[in-house]
Amino acid sequence: MMKIRTKFILFMVVIHIIVIGLSFFIFKSNKLLFIFSEIFILVSIYISWQLYRDLIAPIRLLMTGVNAIRDKDFNVKFLKVGKLEMDELIDVYNGMVDQLRQERTRQEQQHYFLEKLVQTSPTGILILDFDDNIANINPKVGEILNMNAHQLVGKSVFDFDHPLLQAISTLKTGESRTIALNGIQTYKCQKSHFIDRGFPRYFIMIEELTVEILNAEKKAYGKVIRMMAHEVNNSIGSVNSILDTTVQMQEHDSELKYALEIAIQRNNHLNHFMRNFADMVRLPEPRPVKSDLNELLRNSSRLMEYKASQLGIRIEAHLTEMPFFIMADVHQLEQVIINIIKNAIEAIELRKKKNPDWREKGQITISNTYHPKQLLIEDNGSGISTDAEQQIFSPFFTTKENGQGIGLTLIREILVNHGFQYSLKTNPDRLTVFRIGF
C-alpha cells in the first residue's frame, strides 16, 4: 500500500510538471507572462516543500512514538518545535507516555507486592493456568502437600492421588469446603478466579484449620474433664473411706470383705483413669531446647527393651551416625516416643492373639532421616484399617477393646504444641509407620 508521503510527492510532481508544460505555450505568445509563471512555479514548489515538511513531520513523529510504545519504551519524549499543531501533538504524546509509564510502574509495584504477598502468605495458594494445569504455588502449598514446586507445576490436579488435590479438583468456582486428613489435619479450601487477558484463571486458597479446631476441642473437653474429675474424685474419696471402714469391721465374712476390696480397687482404677484425663488437660507448654534426637531415641528404646524382649519382640534402631539435633521439650517428646513404642508392642501382641499360627518375629524399627528431616517408628503388628486411619487422632478414639483413647490424644497434643507434622498409616507390606516430621 502506497504511503501518504509518496502520494503527496507524486501529486505535487504531476501538478508542477503539468504547469511547467503549460507555461511553454505562454512563452510563445507572451514572454513577460512566461517569466511571471516561472516565478509562480518556483514559489509553488517552495510552498509545496514547506507543506510537505509540515504535514509529514507529525506523521513521522507519530510513527516514532508508535514504535517506541510498541517496544514498551515509555521514556521517549519529544521537544516542542514552535509550531502550534506540532506542539499540541507533542503535548498529547508526552502526556500519554507519562501516564503509561506511571501505570506500568504502578502495575509492576502491584505485581511485586502481590507476588511477595502470595509467597509469604500463611495460607496456601495454588494458581491454575488457562488449561487448569498448576501454574504456580507458594511455599505453604508445598509444605501442606509435602511436595515441591517441581513435582506440581505444569501438571493437572487430576494427575495426583493426594486426597487434598482430589478434593480440590471437584471444587466449583466460589465454593469452599473443609477437608480433614487422618481425622485431625483439617484444611479449608476455597476456589475463586480472576480475569487475565480476557480469560478466567482459577486459584485455590488452602487454609489450615488444625490448630484452631484442636484448641476449640481442647477447651470443650477440658472443661468437661475438669468437672468430671472434680465430682469423681470427691465421690471416690468419700466412698473409699466408707469402704475401708467397712472392710476393717469385717473379720468373719471373707466373701464380703473380698467384694469390698474389689470395689475399692475399681474405685482406685476410676480415680487413676480420671487423673490421666486431667493430666492431659493440664499438659504444660513445651520448653524446646536443642537436643540430640538419637540420644533420646536410644534412651527411650532401652526403657522399653526389657518389656519387649519378654514378649519376644525385637527393637532395632537405625540412626544417623552424626548427632540429629532438633528443638524440642525432651521430657514431652520422650513421653511421645515411649507411648508410640508401647502401642507398637500392643499391636504385635494383638496380631499374635488374632493369628495363633503367625510365626513371624515381632519387630519394631526406629529410624531417622535428614532429607526430609523426620523420625519413623515401624512395627509389624495388627495394622490400622483405612477407616480407622481417618479417625485415629480424633479425641479419645480407640481401636482397643478396653482402650480409653488417651495415649494418641496425648501424643497429638504434644506434637501439635511443638508444631511437628505427624501421620500414622499401614503400608502395603503390613508395616504400621508412625512418622514425625521436624
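Since we're looking at a predicted model, the values are computed, not measured.
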Requested in this report: Would you kindly check if the NZ (Lys) or CZ (Arg) of Lys373 is within the cone defined by 45 degrees around the ring axis of Phe325 and under 6.0 Å from the six-membered ring centre?
Outcome: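 Not flagged: Lys373 not positioned over aromatic ring of Phe325.
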
Query raised in the report: Regarding Lys191 and the six-membered ring of Tyr202, is the cationic atom NZ or CZ under 6.0 Å from the ring centre and inside 45° of its axis?
Result: yes

Mind checking the [atom1]-[atom2] spacing from [X] to [Y]? Nearest 0.5 Å is all I need.
X: Ile204; Y: Ser192; atom1: CD1; atom2: OG; answer: 9.5 Å
X: Thr432; Y: Ile377; atom1: OG1; atom2: CD1; answer: 12.5 Å
X: Ile364; Y: Lys342; atom1: CD1; atom2: NZ; answer: 12.0 Å
X: Ile345; Y: Ile313; atom1: CD1; atom2: CD1; answer: 5.5 Å
X: Met96; Y: Glu103; atom1: CE; atom2: CD; answer: 13.5 Å
X: Leu424; Y: Asn343; atom1: CG; atom2: CG; answer: 8.5 Å

Is a side-chain donor or acceptor of [X] paired with a backbone partner of [Y] at a separation under 3.5 angstrom?
X: Asn294; Y: Met322; answer: yes
X: Asn355; Y: Asp357; answer: no
X: Asp379; Y: Ile341; answer: no
X: Ser300; Y: Leu297; answer: no
X: Gln151; Y: Asn148; answer: yes
X: Asn138; Y: Ile125; answer: yes
X: Asp292; Y: Pro323; answer: no

Query raised in the report: Ion pair present between Glu143 and Lys140, side-chain N to carboxylate O less than 4.0 angstrom?
Result: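 Looking at Glu143 and Lys140, the cut-off is met.
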
**Report entry** NZ/NE/NH1/NH2 to OD/OE distance under 4.0 Å, Lys352 and Glu349
**Finding:**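 So Lys352 pairs with Glu349 through a salt bridge.
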
Between [X] and [Y], what is the shortest heavy-atom contact and its length?
X: Asn368; Y: Leu293; value: ND2-CD2, 4.4 Å
X: Leu171; Y: Gln190; value: CD1-N, 4.4 Å
X: Ala135; Y: Val153; value: O-CG1, 3.6 Å
X: Ile338; Y: Met304; value: CG2-SD, 3.8 Å
X: Val330; Y: Val289; value: CG2-CG2, 4.2 Å
X: Ile315; Y: Ala308; value: CD1-CB, 3.8 Å

More than 12 heavy atoms from other groups under 6.0 Å of [atom1] on [X]:
X: Tyr306; atom1: OH; answer: no
X: Lys354; atom1: NZ; answer: no
X: His150; atom1: NE2; answer: no
X: Glu316; atom1: CD; answer: yes

Query - Working for side-chain contact (heavy atoms from CB on, under 4.5 Å), residues Met327 and Phe438 - result: CA-CA 9 Å; Met327 293 297 295; Phe438 303 104; over 6 Å; no

Quick one, [X] and [Y] - any side-chain contact, counting heavy atoms below 4.5 Å?
X: Ile206; Y: Ile168; result: yes
X: Glu378; Y: Val433; result: yes
X: Thr365; Y: Leu431; result: no
X: Arg298; Y: Leu319; result: yes

Requested in this report: Apply ring pair (Phe, Tyr, Trp, His ring centres under 6.0 Å) to the pair His162 and Phe160, showing each step before the final yes or no.
Outcome: CA-CA 6 Å; His162 193 286; Phe160 299 92; 8.8 Å; no

Report task. Report the C-alpha distance between Ile340 and Ile436 in whole Å, list the side-chain angles of each, state the deciding distance to 0.1 Å, and finish with yes or no for side-chain contact (heavy atoms from CB on, under 4.5 Å). Result -> CA-CA 11 Å; Ile340 295 173; Ile436 302 175; 4.1 Å; yes

Requested in this report: Given side-chain contact (heavy atoms from CB on, under 4.5 Å), test Gln421 with Arg435 step by step and report yes or no.
Outcome: CA-CA 8 Å; Gln421 296 181 342; Arg435 185 189 72 85; 4.1 Å; yes

Report task. Using the side-chain contact (heavy atoms from CB on, under 4.5 Å) rule, pick out the option among Asn299, Leu296, Leu303 that qualifies with Ile337. Result ->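 Testing Ile337 for a side-chain contact (heavy atoms from CB on, under 4.5 Å) against Asn299, Leu296, Leu303 leaves exactly one candidate, Leu296.
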
Report task. Check the pair Leu126, Ile134 against side-chain contact (heavy atoms from CB on, under 4.5 Å), reporting the backbone distance first and the verdict last. Result -> CA-CA 7 Å; Leu126 184 149; Ile134 299 173; 4.2 Å; yes

